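Below you'll find the structure, written out as structure tokens, and then a few comments.
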There are 2 protein chains.
Amino acid sequence: MALIVHKYGGTSMGSTERIRNVAKRVAKWHRAGHQIVVVPSAMSGETNRLLGLAKELDSNANPRELDMIAATGEQVSVGLLAIALQAEGVKAKSYAGWQVPIKTDSAFTKARIESIDAEAIRADLNADQVIIITGFQGVDPDNNITTLGRGGSDTSAVAVAAAIDADECLIYTDVDGVYTTDPRVEPDARRLDRVTFEEMLEMASLGSKVLQIRSVEFAGKYRVPTRVLSSLTDPLMSLEQEMQSGTLITFEEENNMEKAVISGIAFNRDEAKITVQGVPDRPGIAYSILGPVAAANIDVDMIIQNQSVDGLTDFSFTVHRNEYQKALDVLKTQVAPAIHAKQLLGEDKIAKVSVVGIGMRSHVGIASLMFETLSKENINIQMISTSEIKISVVIDDKYMELAVRALHKAFGLDAQ
Amino acid sequence: MALIVHKYGGTSMGSTERIRNVAKRVAKWHRAGHQIVVVPSAMSGETNRLLGLAKELDSNANPRELDMIAATGEQVSVGLLAIALQAEGVKAKSYAGWQVPIKTDSAFTKARIESIDAEAIRADLNADQVIIITGFQGVDPDNNITTLGRGGSDTSAVAVAAAIDADECLIYTDVDGVYTTDPRVEPDARRLDRVTFEEMLEMASLGSKVLQIRSVEFAGKYRVPTRVLSSLTDPLMSLEQEMQSGTLITFEEENNMEKAVISGIAFNRDEAKITVQGVPDRPGIAYSILGPVAAANIDVDMIIQNQSVDGLTDFSFTVHRNEYQKALDVLKTQVAPAIHAKQLLGEDKIAKVSVVGIGMRSHVGIASLMFETLSKENINIQMISTSEIKISVVIDDKYMELAVRALHKAFGLDAQ
């Protein structure tokens, strides 16, 4: 008997017919003797519908109230799935985030999970019930409803799996696993049977949309074995088949000589870059620039500061495109005057393309092959940033697909 | 400065445009210096949509899960209204029932309010905020979400008004007050400026759908001055005009010689009657019959037992038509065999018509005028039940409209 968490996305929950299919799959696992916790998203389209109503009233609506509204989507899902499971003859009970409780901070619309009290869940699991918990949401210290931001249900699922010490967390989604790159951009992309946690973390943070990044962080921090697999298969397929499908996120490097140096090419065009030019190169300057940005609750991704010339340097960073204007405003009003910056430059027509692979730790020449490949395609590199297992470049967004395909081929990812 | 509770029904909350109108009206009250708590219903159609989804999965769905699902309708409403008020420049904050908390028992889909902790609301009111609380719902001792049943938002509003000791509870609805009878049945029906609590209680319990009965009970128990008025008027009309519109529920009989003996004719065709025939006339028999019915959570309305003949009597009662089959089943399987009843008779094509008026306490001849009127129209009376201020008869439902019009005329209710 294993303790398993299932997560189903909005498409899988998109109609009562599909919810019935989810119930059939969950019931199969339960009948095989496993304890099951399910974390479903809102029915597809529902979150957008709800936030659309709010936007009709005020395009800049209060985030606490947005969370109050948006959280109802998942609450409906858990109730419906409980009813569908009961109709399958399985005992089931739904929980809203605050009922568990899943405790978060108070950053409305992008809250972070702080703790999960698993006591009530455990008791219900031991009473042979399937437990269904709202994804995407929790409750803050003042009893306000919070949401984790888009894609937050993945995070909820992995966090719940960690809290109850689950044997595996199965993320059912509308793709059948993690690919070497997005098949819509490169048709020769291949599904990976396994990917290390660190690679997955880089790929998620670099824009591969299979899993929300915070869910991968949770999976890594608490070592939750997590599998991404398709919810579009026959719900009654054998458990053995199901456990061999998808992509498993592992926590150990495998000594596999055959393994490619690079696991995948990640990309996104959700970002914008901002450069603060002519900044005095003195201690505390980075904090003077990014402190106010962080205080405005804007996430910063890449940060680049180069060697100074004549005591002045240029400081660049990227933010989500949705927060580009807000970030520029903060810099204009709070930062630039205070530090006497020469000027602010910004650009939101950019894309980030990255090669990711744990193998690059022990291989040289990855960066030069990447730069050579882009050079051959005549693509100019605007920014470069590296970590131990990835190299990212920022380029003009119109070259993004071309860059992805060229790199996928250059690193031999389309080979079997 | 007064402390006022506003309640808005689903029609008033039916679109973002209408929610904006509600916000304008609330903002007007707030700007005039009053403290305001608003209790809105779900957007019209939403509760049916949600319960319809549940029904697609299981026509006999678990009531706890139905409440989990249905409660989201009001949660969306409070968030949207808070946003609309903020857009009007008014500080506003929404509360779900469990956040107040509004504590109820655990009778899912028909829970009763047990207590309301008004501390948090008071603090927020004193911080100059308009407070918006979900109608229709609460939380039980095990932290499960409960709903109060259809129309429960009226009850929530009056209960909140009692808990915070409000000066008045204004129930905004799609009719402009309480009428001598339903104007769709009798076009000459007149709006009453005032009605006593006891008359209102009888009229609500007798099927006049303006206010939910439990809300009237709360209003009476805690002496909450409650006004029924239209939400379809200009939201910016003067407060003086607004306070003269609608119907005020009062707690004192007025010494008004002009006041009609009868205030109104109430009716409903939501009931069914059941007769247990040939019941031994011995102590405890009524409990033997109605105990199992109550245990099945079925509400009983009229109860009639006549003088016994040869130690046997007939025991009749009415229930809501939706619970007619369930009640019959309980009687067939649990009651009839145990008490050796001769037979069970049932009929659901009935209507109940009642004359209501606090004036009948001091007038004789009301019953005989009622029976004479029905006799003249050749309408057979199947059951009769009386209280101090009302007389109800059960008749064939096809004569209902005819009976209402004849009685309205006979008691002079269409006169000015």
Side-chain angles (χ1 to χ4, degrees), chain A residues 13 15-17 19-20 22-23 42-43 46 49-89 91-96 98-101 120 132 134 139 142-145, chain B residues 13 15-20 22-23 42-43 46 49-88 91-96 98-101 120 132 134 139 142-145:
Chain A
M13 298 292 295
S15 67
T16 49
E17 198 43 63
I19 291 172
R20 225 177 258 131
V22 169
M43 295 173 82
E46 187 60 9
R49 183 184 75 85
L50 291 166
L51 295 177
L53 287 170
K55 204 160 191 174
E56 282 176 29
L57 291 166
D58 187 350
S59 57
N60 193 23
N62 181 305
R64 178 189 182 275
E65 302 302 336
L66 288 177
D67 280 359
M68 190 78 163
I69 295 167
T72 63
E74 282 72 20
Q75 193 174 319
V76 171
S77 282
V78 295
L80 291 176
L81 184 52
I83 289 170
L85 275 164
Q86 289 159 357
E88 288 283 325
K91 285 199 285 179
K93 183 176 172 187
S94 70
Y95 278 85
W98 64 268
Q99 290 175 316
V100 174
I132 308 160
T134 52
V139 62
D142 297 321
N143 255 356
N144 298 303
I145 293 176
Chain B
M13 297 292 294
S15 66
T16 50
E17 198 44 61
R18 290 186 182 176
I19 291 172
R20 225 176 259 132
V22 169
M43 296 174 81
E46 187 61 8
R49 183 184 75 84
L50 291 166
L51 295 177
L53 287 172
K55 206 161 190 174
E56 283 176 30
L57 291 167
D58 187 350
S59 57
N60 193 24
N62 182 306
R64 178 190 183 274
E65 302 302 336
L66 288 177
D67 280 359
M68 190 78 163
I69 294 167
T72 63
E74 282 72 20
Q75 191 173 321
V76 171
S77 282
V78 295
L80 291 176
L81 184 53
I83 289 169
L85 275 163
Q86 289 159 356
E88 287 284 323
K91 285 198 286 179
K93 183 177 171 186
S94 70
Y95 278 85
W98 64 268
Q99 289 174 317
V100 174
I132 308 159
T134 52
V139 61
D142 298 321
N143 254 357
N144 298 303
I145 293 175

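Please read these numbers as outputs of a predicted model, since none were measured by experiment. Below, chain A is the first sequence line, B the second, and so on; all start at residue 1. These values consider heavy atoms only, across backbone and side chains, with no hydrogens, waters or symmetry-generated copies.
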Contacting moiety of [X], where chain A heavy atoms sit under 4.5 Å:
| X | result |
| --- | --- |
| Ile145(B) | both |
| Ala92(B) | backbone |
| Gln99(B) | side chain |

query = Based on non-hydrogen pairs under 4.5 Å, which of Val76(A), Thr16(A), Ile132(A) is most in contact with chain B?
reply = Thr16(A)
With a 4.5 Å limit on heavy-atom distance, are the side chains of [X] and [Y] in contact?
| X | Y | result |
| --- | --- | --- |
| Ile19(A) | Glu56(B) | no |
| Leu50(B) | Leu80(A) | no |
| Val22(A) | Leu81(A) | yes |

query = Considering residues at least two apart in sequence or located in another chain, which fulfil the side chain to side chain contact (heavy atoms under 4.5 Å, CB included) criterion with Asn60(A)?
reply = Asp58(A)
key: Residues in salt bridge (charged side-chain N to carboxylate O under 4.0 Å, His left out) contact with Glu88(A), at least two apart in sequence or another chain   =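 Glu88(A) satisfies salt bridge (charged side-chain N to carboxylate O under 4.0 Å, His left out) with no residue once adjacent residues are dropped.
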task = Name the option with the most non-hydrogen atom pairs under 4.5 Å to chain A; the candidates are Ser94(B), Ala70(B), Ala84(B).
result =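 Among Ser94(B), Ala70(B), Ala84(B), the one with the most close pairs to chain A is Ser94(B).
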